[in-house]
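Side-chain atoms are counted along with the backbone in the values below, which use heavy atoms only and exclude waters and symmetry mates.
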Amino acid sequence: MKIYTKKGDDGTTGLFYGGRVDKDAAGPEAYGTVDEAVAALGVARAGAEGRMADELLRVQRELFVVAAELATAPENRAKLDDGISRVTDSMVGDLEVAIDRVVDEVGMPTEFVVPGGTDVAAAIDVARTVVRRAERRCVSYASAGGLEASQVVPYLNRLADYLYMLARAAEGEWVPSRTEDEK
């Protein structure tokens, strides 16, 4: 089997459970950006250790669930499996629990934080911004009617918050956006 099929040479891409759409349609834009987030998280995970690496891997795997839902035409979404190819309420709730745990451990910044305290934190912050872009792409897809009754947007919203807090945990000490003299 070869990696190339040549089917996309016409500017279309195949969907999960069948069908083809233009590669620049709202759905492929959304799941393509999710794919970028998975890769960005891989950069972060490559430098992380222990529980941080485990958490990043868990999130990467969950983003494959997000991508599967986004790569399925709305008329085929009933064929998806909760937590495997469809985002669930419990996935969103699990992120909320994880966010609260990290906030309890490291506290909550009271002002904007300049990213880059450590290599891992900086990579997580880059991934967080890609997740926010994916969220925006999904909102556009939802506005076009592609995500009816989906938990994808809430999931990505919580995930960006979680990644923000994981980056703060990876930094340890935060650099505020303003100096003491500017306050």
Side-chain angles (χ1 to χ4, degrees), residues 1 5 7-8 12-45 48 50-105 123-124 126-167 169:
M1 178 178 187
T5 65
K7 292 179 182 177
T12 65
T13 189
L15 297 176
F16 199 35
Y17 290 110
R20 295 192 74 76
V21 295
D22 290 339
K23 289 183 178 185
D24 65 351
E29 278 290 333
Y31 65 74
T33 309
V34 168
D35 188 36
E36 289 178 51
V38 172
L41 285 166
V43 173
R45 187 170 57 85
R51 189 172 92 186
M52 180 70 71
D54 293 343
E55 283 299 301
L56 294 171
L57 178 58
R58 181 182 65 78
V59 168
Q60 285 179 289
R61 288 177 170 154
E62 287 185 352
L63 284 172
F64 281 95
V65 176
V66 173
E69 183 171 340
L70 293 169
T72 304
E75 61 271 14
N76 287 323
R77 295 250 168 79
K79 299 174 183 175
L80 300 178
D81 295 312
D82 287 351
I84 296 170
S85 51
R86 179 182 15 251
V87 178
T88 64
D89 291 337
S90 65
M91 290 171 65
V92 176
D94 290 347
L95 281 174
E96 292 171 355
V97 170
I99 293 165
D100 293 343
R101 178 184 47 78
V102 177
V103 169
D104 288 346
E105 291 173 3
I124 294 170
V126 169
R128 172 186 52 80
T129 65
V130 176
V131 168
R132 285 290 186 208
R133 183 161 33 93
E135 180 185 10
R136 292 189 301 273
R137 298 292 187 269
C138 289
V139 167
S140 295
Y141 188 34
S143 295
L147 286 176
E148 211 169 294
S150 174
Q151 290 300 306
V152 165
V153 172
Y155 176 86
L156 292 173
N157 188 15
R158 284 327 167 283
L159 178 57
D161 293 339
Y162 181 49
L163 294 177
Y164 175 81
M165 289 310 304
L166 280 182

Minimum heavy-atom separation for G18 and N76, please, with both atom names. O-ND2, 4.0 Å
How long is the straight-line distance from CG of L56 back to CD of Q60, given to the nearest 0.5 Å? 7.0 Å
Any L95 side-chain heavy atom under 4.5 Å of D161 side chain: no
Any chance you could measure D35, atom CG, to F64, atom CZ, to the nearest 0.5 Å? 7.0 Å
Kindly indicate whether the side chain of L41, heavy atoms from C-beta on, has any atom under 4.5 Å from the side chain of V130. no
May I ask you to test the L63-L159 pair for a side-chain heavy-atom distance under 4.5 Å? yes
Say you draw a straight line from CZ of R77 to OG1 of T72; how long is it, rounded to the nearest 0.5 Å? 6.0 Å
Validation row: L147, L70 side chains within 4.5 angstrom (heavy atoms): yes
Quick check: closest heavy atoms across G83 and T88, and the distance to 0.1 Å? N-CG2, 3.5 Å
If we check side chain to side chain donor-acceptor pair (under 3.5 Å) with E135, which of these qualifies: R133, R137, R132? R132
Between CG of D54 and CZ of R45, what distance do you get to the nearest 0.5 Å? 9.5 Å
What is the distance from atom CD1 of I99 to atom CG of D104, rounded to the nearest 0.5 Å? 12.0 Å
Could you go through residues 22-29 and list every donor-acceptor pair under 3.5 Å that involves a side-chain atom there, pairing it with any protein atom two or more places apart or in another chain?
{"unit_1": "K23", "atom_1": "NZ", "unit_2": "G8", "atom_2": "O", "d": "3.2"}

Could you pull out the closest heavy-atom pair between E69 and S150, with the gap in Å? OE2-OG, 2.6 Å
Is there a side-chain contact between Q151 and M91 (heavy atoms, below 4.5 Å)? no
If we only count heavy atoms from C-beta on, is the V131 to Y164 side-chain gap below 4.5 Å? no
Those residues that, when tested against D82, pass salt bridge (Lys or Arg N to Asp or Glu O under 4.0 Å) (two or more places apart): R86
For Y17, look at atom OH and say whether over 12 heavy atoms of other residues, nucleotides or ligands are found less than 6.0 Å away. yes
4.5 Å side-chain heavy-atom contact, V43 and V126: no
CD/E148: more than 12 non-hydrogen atoms of other groups inside 6.0 Å: no
Residues at least two apart in sequence or cross-chain that pass salt bridge (Lys or Arg N to Asp or Glu O under 4.0 Å) with E105, listed by chain then number, are R51, R101
Between the OG1 atom in T13 and the OH atom in Y31, the distance rounded to the nearest 0.5 Å is 4.0 Å
Heavy atoms only: give me the nearest F16-A68 pair and the separation to one decimal. CD2-O, 4.0 Å
What's the shortest heavy-atom distance between L156 and C138, and which atoms? CD1-SG, 3.7 Å
Which atom of V59 lies closest to which atom of Y155, heavy atoms considered: O-OH, 4.3 Å
